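Only a predicted model underlies this, so the values are computations on that prediction, with no experimental measurement involved. Residue numbering restarts at 1 for every chain, and letters A, B, ... go by the order of the sequence lines.
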Amino acid sequence: MARYNPKETEPKWRQAWASADSFRAVMDPARPKYYVLEMFPYPSGRLHMGHVRNYSLGDVIARFKRARGFSVLHPMGWDAFGLPAENAAMERGVDPKAWTYDNIARMRDELKELGLSIDWSREFATCDVAYYGQQQSWFLDLFARGLVYRREGIVNWDPVDMTVLANEQVVDGRGWRSGAEVEKRKLNQWFLRITDYADQLTDDLATLDRWPEKVRVMQENWIGRSKGLKFAFEFAGSAPAGFGAGLEVYTTRPDTLFGASFVAIAADHPLAEQVAAKDSAAVKFIADCKRGGASQAEIDTAEKMGFDTGFRVQHPFDADRTLPVWIANFVLMDYGTGAIFGCPAHDQRDLDFARKYALPVTPVVLPPGADPASFTVGTEAYTGPGTIFHSDFLDGLEIEPAKAAAIARIEAQGQGDGATVFRLRDWGVARQRGWGCPIPVVHCDKDGVVPLPKSALPVALPDDLEFGKPGNALDRHPTWKHTTCPACGGPATRETDTLDTFVDSSWYFARFANPDAPDPIDKQAADYWLPVDQYIGGIEHAVLHLLYARFITKALADDGQLSVREPFAGLFTQGMVTHETYRRQNGEWVEPGAVEITTEGETRRAVLIEGGEPVVIGDSEKMAKSKKNTVAPGEIFEVYGVDAARLFVLSDSPPERDTQWSTAGVHGAWRFVNRVWEEFESQPTGAAPAGDDEASTALRRATHRLVKQVTEAIESFRFNSGIARLYEFLNLLKANPAAGATPSLLAARQDALSAFARLIGPFTPHLAEECWGRIGGAGMMVEAEWPAFDAALTQDAVKVLPVQVNGKRRGEISAPAGAEPAEVEKLVLDDPEIARRLEGLTIRKVIVVKDRIVNIVAA
RNA sequence: GCGGGCGUGGCGAAACUGGUAGACGCAACGGACUUAAAAUCCGUAGGGCCGAGAGGUCCGUGCCGGUUCGACCCCGGCCGCCCGCACCA
């Protein structure tokens, strides 16, 4: 019997699918549609195991839905702009464009090797001028809608990548790609008004019921909506210049206003700067504040520091009280108004500050049951529920009504309004880089910033950019930026900033509906295909890509270009592929291929294959070149075939969890592939329908059960469980071999194999085709319908019920499926073995759960 | 500090709606085949105790308690780990 040979079969079937154009997505109003999308890859040039997992997961869904009769869209593209290409250009002197397209070509081959059911006719890269030209088109539309603006602002500057970063791209004070400490710089910057959508972006999270809770919560926290009161304190005495209208603060606790003992402003607040202009001590204080780091440890341990400006403000509700104005290091300029009032009794930070500078601490919220005469606050602020006291017109109110009353009073006094404040900032989208989508505007001495007319699109990148040195290649190109002003016809310069690559990935899913459309989005096609029914990718994009894409979708919907307001109806975040790490005695990382592992009982040891030096086996960690614990997919395909690799990354762990790659594991999957093939080969051709006997009936029932189980497992993303059922079923087939089988068993086997071939299709598609052909399946398996099951046949005719006595298993009985409790009870009590167990005991109660279990309560 | 998640054999895990805990796989061990090894195939397997054996028996899903005829699952309280956010007023 010939061993299954993936090197022969796998390319053959891929060729067959391509020839038949099996995966072309077609708008078919007669069928329900299903759009499966995995986050598109950055074309680094090499496929890694994370890709294998991501795209295999999506392919399972795509193939399954296809077999279930859906009209499936499953496209692929490339997130192709960005810094790695420029870095490669600098390091190796290559052209970023050529480098990128070379990488795409290589990765396309590798992805195609995976046997994915992708409609390759829709492929595009974001660096195709046909794509980014369309992006410029809708950018201008958003510009016209006032969603794009330019202003000077303090921005995050990555000194290594030499570009501006969005807040979302700064992690722990460092650039998300470079890891360099981010500097604050004042620059003219382009922004997208994502804050206009902050409310919707929060509210609509509730509609995303097929998103992981975790991601929704992360987005909600990131947007950080808070409701409170914005109001201005009037200055007592003459107001500083520019503060005639008072000093505006934001609070979520207007109910505690009578507990206020100071007002604090951020070190970079305009008033602080004004004070510093006249006071060298203030200058020094502000400098000290700015020196404090932004890291977690520094914030946790940072002491509260303050500087009394000497100004005093009037308490809004008490004409007899004034409050001092301090500059404080714990107040942030970029949240709220950059100024607060401090209520030490009910806010820990304010309390720490007040204790340090001996400011009054007046409790105004009385905890339930506390005595108003004796309640005091020591070193811990009280933030719990209670009743307001020491607060004039608010006395006796609970917190929420007191907030409302305080806001109403402030509004009546004309000093402020109830306000919603967000943590979310507008999205800074300009990057000072040459390898990106040019922002389609010009700068004219006469007309200022002028958006280009659509007729001037696309604004294409020049082919002769010079990337050999740091900085913006577009800006230093000798001729590209010089143009004429569309308004006055005079000389003008093009904007040389390009768009953040997250803009590129904020609408690609919509472009896939029709990638050749003359407009950015073919509305008719998008109306058919969108939203994406199942989106699959890593959790790392929870607040970056996924938030931006939601925003752009809403903005384009408001512009009439899209009908959906949410791009991704279902989101699945898959775990990483990890691998054990190995280190030599000197700490050097060692690649898995150089290590030999031996086991003695339960102890595993590792040595270098060359030289035998002992190696330390470390934790399983995300595959990374730096730790040398990567495994190249291509090498695995070469040895075990693509199907075995796909099967293993899907079988070992639930998809949302990390999965540990191991050679032994993929070997096990490969063994399964071979055993499946042997089973199909052993089946004689032409097994005809025949009568039933016990063995064939049991096999038929098991087949129906298998179909049910695998179907449900795929629908609920429990691929590992579904695959376990397939392994189990293969064991059952081997226990009912073709050799020596009765005609009826052979016929049951034939039906079982037919179902089995289709059930393994989503996981091991090449093998499935080969098996389908072997048992005489009509046409290609990929065109076959998903097998159906008969619910009645998923149950065995006779059930073995465990029998418990007082909750402990004491035996079992056989009963017909669906037997009534009374019937089962009689069977149990007639059973001699059970009777023996009950000797000397009085039966108090017999609980029979139909088809499940019997429990006898006895004493 | 706030929020989310997780805790089950040597390992990855499974267990439907509260109903036989550990399916399936990896590693291991025993056997067959082989001159030998690899590969492959067959078998064993949570732990303790009793028994020559068939088998019996007790313990067991992070810990303590509760609800229930019955708890990995529900409730209360703790412990540990992972992830996200964080001086956000």
Side-chain angles (χ1 to χ4, degrees), chain A residues 3 171-172 212-222 224 226 228-229 249-253 256 264 266 292 294 296 298-300 302 304 328-332 334-343 346-350 352-353 383 421-423 539-540 542-543 597 599-604 620 648 651-654 656-660 662-669 671-672 674-675 678 709 712 716 718 720-731 734 800-812 844-858:
Chain A
R3 164 146 286 185
V171 179
D172 279 339
E213 171 73 11
K214 181 184 171 119
V215 176
R216 286 190 307 218
V217 167
M218 281 167 73
Q219 292 213 356
E220 191 173 338
N221 291 343
W222 185 264
S226 103
L229 169 70
V249 300
Y250 174 71
T251 180
T252 55
R253 294 297 304 271
T256 65
Q296 181 179 330
E298 284 167 305
I299 288 166
D300 282 348
K304 300 284 175 285
N329 65 336
F330 66 95
V331 180
L332 307 173
D334 58 3
Y335 184 77
T337 62
I340 62 157
F341 76 80
C343 176
H346 305 294
D347 182 291
Q348 192 60 45
R349 293 156 302 176
D350 297 348
D352 295 344
F353 189 79
T383 55
V421 162
F422 298 92
R423 205 185 79 104
I539 186 77
E540 67 273 18
V543 287
I597 302 209
T599 45
E600 293 161 33
E602 279 159 14
T603 324
R604 298 172 72 240
S620 214
F648 177 58
S651 69
D652 213 38
S653 297
E656 68 278 10
R657 236 182 272 182
D658 288 355
T659 193
Q660 215 171 321
S662 71
T663 310
V666 74
H667 189 81
R671 206 149 45 204
F672 174 79
N674 280 291
R675 284 157 48 107
E678 276 169 27
Q709 288 169 331
E712 290 173 355
S716 58
R718 290 178 295 116
N720 55 324
S721 293
I723 292 168
R725 298 285 86 77
L726 290 166
Y727 273 81
E728 209 169 40
F729 192 78
L730 182 65
N731 291 338
K734 284 187 108 60
V800 176
L801 306 182
V803 179
Q804 298 180 330
V805 176
N806 293 329
K808 300 204 175 189
R809 190 180 188 279
R810 289 297 185 233
E812 57 185 37
R844 307 229 186 247
K845 200 170 167 187
V846 178
I847 293 139
V848 179
V849 182
K850 209 185 214 177
D851 291 342
R852 273 270 155 75
I853 199 167
V854 181
N855 192 10
I856 301 169
V857 187

Legend entry - Main-chain N/O of A:Ile847 paired with A:Asn855 side-chain donor or acceptor, under 3.5 Å: no
Legend entry - Residue pair A:Arg675 / A:Asn731, side-chain heavy-atom distance below 4.5 Å: yes
Inset, instruction - Sticking with atom P, work out how far B:rC29 lies from B:rG84, rounded to a whole angstrom. - result: 40 Å
Scan nucleotides 81-83 of chain B against the protein and return all N/O pairs shorter than 3.5 Å with their distances rounded to 0.1 Å.
unit_1, atom_1, unit_2, atom_2, d
B:rC83, O2', A:Lys214, NZ, 3.1

Inset, instruction - Tell me which nucleotide among B:rC87, B:rA14, B:rU20 gets nearest to the side chain of A:Arg349. - result: B:rC87
Legend entry - Chi-angle category of B:rG9 [syn within 90° of 0, anti beyond]: syn
Inset, instruction - Go through the side-chain N and O atoms of A:Gln348 and A:Asp352 and say whether any donor and acceptor fall under 3.5 Å apart. - result: yes
Inset, instruction - Mind checking A:Pro212 for me? I need base, sugar-phosphate or nothing, with any heavy atom below 4.0 Å counting as a touch. - result: nothing
Legend entry - Atom pair CZ (A:Phe341) and CG (A:Leu229), whose distance is rounded to the nearest 0.5 Å: 8.0 Å
Inset, instruction - Name the closest nucleotide to the A:Asn221 side chain, picking from B:rG84, B:rA89, B:rG25. - result: B:rG84
Inset, instruction - With P as the reference atom in both, quote the distance from B:rA52 to B:rC16 in angstrom, rounded to an integer. - result: 40 Å
Inset, instruction - Mind checking A:Gly668 for me? I need base, sugar-phosphate or nothing, with any heavy atom below 4.0 Å counting as a touch. - result: sugar-phosphate
Inset, instruction - Using the C1' atom on both, measure B:rA71 against B:rU17 and round to a whole Å. - result: 14 Å
Legend entry - Minimum-distance nucleotide to A:Arg810 side chain [options: B:rC24, B:rA15, B:rC58]: B:rC58
Inset, instruction - Please check if the side chain of A:Asp652 supplies one atom and the backbone of A:Asn720 the other of a donor-acceptor pair under 3.5 Å. - result: no
Legend entry - Dot-bracket summary - RNA chain B, pairs being Watson-Crick or G-U whose distances fall under 3.5 Å, with | when paired to another strand: (((((((..(((......[....))).(((((.......))))).(((((....)))))..(((((..]....))))))))))))....
Legend entry - Within 45° cone and under 6.0 Å: A:Lys304 NZ/CZ vs A:Phe330 ring: yes
Legend entry - Comparing A:Pro802 and A:Ile723 on RNA chain B - which has the more 5′ nearest nucleotide: A:Pro802
Inset, instruction - Give the minimum heavy-atom separation between A:Ser620 and A:Gln660, together with the two atoms involved. - result: OG-CG, 2.9 Å
Inset, instruction - Tell me which nucleotide among B:rU20, B:rG12, B:rC87 gets nearest to the side chain of A:Arg809. - result: B:rU20
Inset, instruction - For B:rC74 and B:rC26, measure between their C1' atoms and round to the nearest Å. - result: 34 Å
Inset, instruction - State, to 0.1 Å, how close A:Val854 and A:Val848 come at their nearest heavy-atom pair, and which atoms those are. - result: CG1-CG2, 4.3 Å
Legend entry - Span that lies between the P atom of B:rC63 and that of B:rC79, in whole angstrom: 15 Å
Legend entry - Shortest non-hydrogen contact between A:Gly336 and A:Tyr250, atoms and distance: CA-CB, 4.2 Å
Legend entry - Closest to the A:Ser721 side chain, choosing from B:rA89, B:rA14, B:rG12: B:rA14
Inset, instruction - Heavy atoms only: give me the nearest A:Cys343-A:Asp350 pair and the separation to one decimal. - result: N-OD2, 3.0 Å
Inset, instruction - For A:Gly338 and A:Val331, work out which heavy atoms get closest and say how close. - result: O-CG1, 3.5 Å
Inset, instruction - With heavy atoms under 4.0 Å as the rule, sort A:Tyr727 into base, sugar-phosphate or nothing. - result: sugar-phosphate
Legend entry - Listed nucleotide nearest any side-chain atom of A:Lys808, set B:rA13, B:rA86, B:rC59: B:rC59
Inset, instruction - Can you tell me, in whole Å, how much space there is between the C1' of B:rG31 and that of B:rU20? - result: 31 Å
Inset, instruction - Considering only atom P, compute the distance from B:rA89 to B:rG5 and round it to an integer number of Å. - result: 22 Å
Legend entry - Polar pair under 3.5 Å, donor/acceptor by atom type, side chain A:Arg657, base B:rA13: no
Inset, instruction - State, yes or no, whether a side-chain contact exists between A:Ile856 and A:Asn806 at a heavy-atom distance under 4.5 Å. - result: no
Legend entry - Side chain of A:Asp652 - closest among B:rA15, B:rG12, B:rA23: B:rG12
Inset, instruction - State whether A:Asn720 places a side-chain N or O below 4.0 Å from either non-bridging phosphate oxygen (OP1 or OP2) of B:rA14. - result: yes
Inset, instruction - For A:Val854 and for A:Phe422, find the nucleotide of RNA chain B with the closest heavy atom, then tell me which residue's nucleotide is more 5'. - result: A:Val854
Pairs: protein N or O with nucleotides 31-33 of chain B N or O, under 3.5 Å:
none

Inset, instruction - For B:rA15, take OP1 and OP2 only and decide whether either is under 4.0 Å from a side-chain N or O of A:Arg718. - result: yes
Inset, instruction - Could you tell me whether A:Asn674 contacts a base, only the sugar-phosphate backbone, or nothing, with contacts defined as non-hydrogen atoms closer than 4.0 Å? - result: nothing
Output a table of nitrogen or oxygen pairs between the protein and nucleotides 39-45 of chain B separated by less than 3.5 Å.
unit_1, atom_1, unit_2, atom_2, d
B:rU40, OP1, A:His667, NE2, 3.3

Legend entry - Closest nucleotide among B:rA89, B:rA14, B:rU20 to the A:Ile853 side chain: B:rU20
Inset, instruction - Classify the nucleic acid contact of A:Val543 as base, sugar-phosphate or nothing, counting any heavy atom under 4.0 Å across all strands shown. - result: nothing
Detail all sub-3.5 Å separations between protein N/O atoms and N/O atoms belonging to nucleotides 67-71 of chain B.
unit_1, atom_1, unit_2, atom_2, d
B:rC69, O2', A:Asn855, ND2, 3.1
B:rC69, O2, A:Asn855, ND2, 2.6

Inset, instruction - Tell me what A:Asn731 touches on the nucleic acid: a base, only sugar-phosphate, or nothing, going by heavy atoms under 4.0 Å. - result: sugar-phosphate
Legend entry - Side-chain (A:Gln709) to main-chain (A:Gly722) donor-acceptor, under 3.5 angstrom: no
Legend entry - Note: A:Arg216-A:Glu213 ion pair, threshold 4.0 Å (strictly below): yes
Inset, instruction - Spell out, as yes or no, whether a donor-acceptor pair under 3.5 Å connects the side chain of A:Tyr727 to the backbone of A:Phe672. - result: no
So which protein nitrogen or oxygen atoms get under 3.5 Å of nucleotides 54-56 of chain B's nitrogens or oxygens?
none

Inset, instruction - Grab the two heavy atoms, one from A:His346 and one from A:Arg253, that are nearest each other, plus how far apart they are. - result: O-NH1, 4.5 Å
Legend entry - Sub-4.5 Å side-chain heavy-atom contact between A:Asp347 and A:Thr256: no
Legend entry - Same-atom distance (P) from B:rC59 to B:rC6, integer angstrom: 29 Å
